[in-house]
Amino acid sequence: MNTKPLVSIVCLTYNEEQFVRDTFDNFLSQKTTFPFEVLVYDDASQDSTPDIIREYAAKYPEIFRVTLYKENNFKKGLGFYGLRVGFNEAQGKYIAYCEGDDYWTDPCKLQKQYEALEAHKECSICIHKVKHIRDNVVLDPEKLKQTQNKY
């Protein structure tokens with residue numbers, strides 16, 4: 001990357017071949033006035049997720065930096081290991097987190113959050129509302145809490 005990114009997007013993936021292209025395309029569609037990078041950490045996916053990640057890294061080498069783990073760190077008891085590594089390896093002033101089966105609905109999300117943090121130096125984090133959608137159905141937040149307790 002020619003210019004140091006101001007925002008680093010950290011993205012964890014595991015067996016998300018049906019979603020990860022949309023996630024990456026969403027990152028690439030962000031409208032920003034600053035450079036950003038995408039750090040992808042795949043936790044030894046068994047599907048075609050690593051191939052898709054390699055494809056994007058080859059096509060956008062100035063944006064994508066990837067780590068493809070050979071062993072699943074979560075199953076080894078290391079939790080979301082890639083997240084910790086990503087936060088340490090991020091070059092941006094700010095970090096945005098998005099998993100490989102998620103996406104942002106606002107193409108200006110990074111720009112808006114960057115501007116908000118720059119305007120409010122006393123803040124160290126900013127968040128936004130989310131919608132949980134499964135099979136094209138928006139999930140009720142209360143029902144979602146009940147299903148999350150099962151995991």
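Note: T3 OG1 to E62 CD = 11.0 Å, rounded to the nearest 0.5 Å. If you take CG on N73 and CZ on R84, they are separated by 8.5 Å, rounding to the nearest 0.5 Å. For the atom pair NZ (K70) and OG1 (T67), the distance works out to 11.5 Å, reported to the nearest 0.5 Å. Rounded to the nearest 0.5 Å, atoms CG (L83) and CG (L39) are 11.0 Å apart. A distance of 5.5 Å separates CG in D42 from CG in L68, rounded to the nearest 0.5 Å. K31 NZ to K109 NZ: the interatomic distance, rounded to the nearest 0.5 Å, is 15.0 Å.
Taking hydrophobic clusters as Ile, Leu, Val, Met, Phe, Trp and Tyr residues chained together by side-chain heavy-atom distances below 4.5 Å, V66 does not share a cluster with Y41. Note: the hydrophobic cluster containing V10 does not contain V7 (ILVMFWY, side chain heavy atoms under 4.5 Å, direct or indirect links). F87 and V40 fall into different hydrophobic clusters, where Ile, Leu, Val, Met, Phe, Trp and Tyr residues are linked whenever their side-chain heavy atoms come under 4.5 Å apart, directly or through other members. Cluster annotation: F80 is connected to I95 through the hydrophobic network of ILVMFWY side chains, with a link wherever side-chain heavy atoms come within less than 4.5 Å. Both V38 and Y94 belong to a single network of hydrophobic side chains, linked directly or stepwise wherever heavy atoms of I, L, V, M, F, W or Y lie under 4.5 Å apart.
Not less than 6.0 angstrom separates the ring centroid of F74 from the ring centroid of Y81. Ring centroid separation for the pair F19 and Y103 does not come in under the 6.0 Å cut-off.
Judged by distance alone, with hydrogens and angles left aside, the side-chain atoms of E37 form no donor-acceptor pair with the main-chain N or O of L6 at under 3.5 Å.
Using a 4.5 Å heavy-atom threshold, the side chains of D47 and E16 count as separate. Put simply, the side chain of I9 reaches to within 4.5 Å of the side chain of L110, judged on heavy atoms. Between E71 and K76, some side-chain heavy-atom pair lies under the 4.5 Å cut-off. Taking 4.5 Å as the limit, some side-chain heavy atom of Y14 sits within range of a side-chain heavy atom of N72. At a threshold of 4.5 Å between non-hydrogen side-chain atoms, the residues Y60 and F24 do not count as touching. When side chains are defined from C-beta on, L28 counts as touching Y56, because their heavy atoms get closer than 4.5 Å. In this structure the side chain of T13 never reaches within 4.5 angstrom of the side chain of E99, judged on heavy atoms. Considering only heavy atoms from C-beta on, E17 stays 4.5 Å or farther from N15 through its side chain.
Of all heavy-atom pairs between S124 and L117, the closest is C-CD2, 4.4 Å. Residues S8 and Q91 come closest through the heavy atom pair OG-N, 3.2 Å.
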Worksheet entry | Trace of the side chain to side chain donor-acceptor pair (under 3.5 Å) decision for Q111 with T32 | CA-CA 5 Å; Q111 185 69 40; T32 65; 4.9 Å; no
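When the shell of 6.0 Å around CZ of F34 is examined, it contains more than 12 heavy atoms from other residues, nucleotides or ligands. K121 NZ: more than 12 foreign heavy atoms inside a 6.0 Å radius. Within a 6.0 Å sphere centred on NZ of K93, other residues, nucleotides and ligands contribute more than 12 heavy atoms.
A salt bridge does not link R65 to E89: none of the charged nitrogens lies less than 4.0 Å from a carboxylate oxygen.
Each of Y97, F36, W104, F64 was checked for a ring pair (Phe, Tyr, Trp, His ring centres under 6.0 Å) with F27, and the lone residue meeting it is W104.
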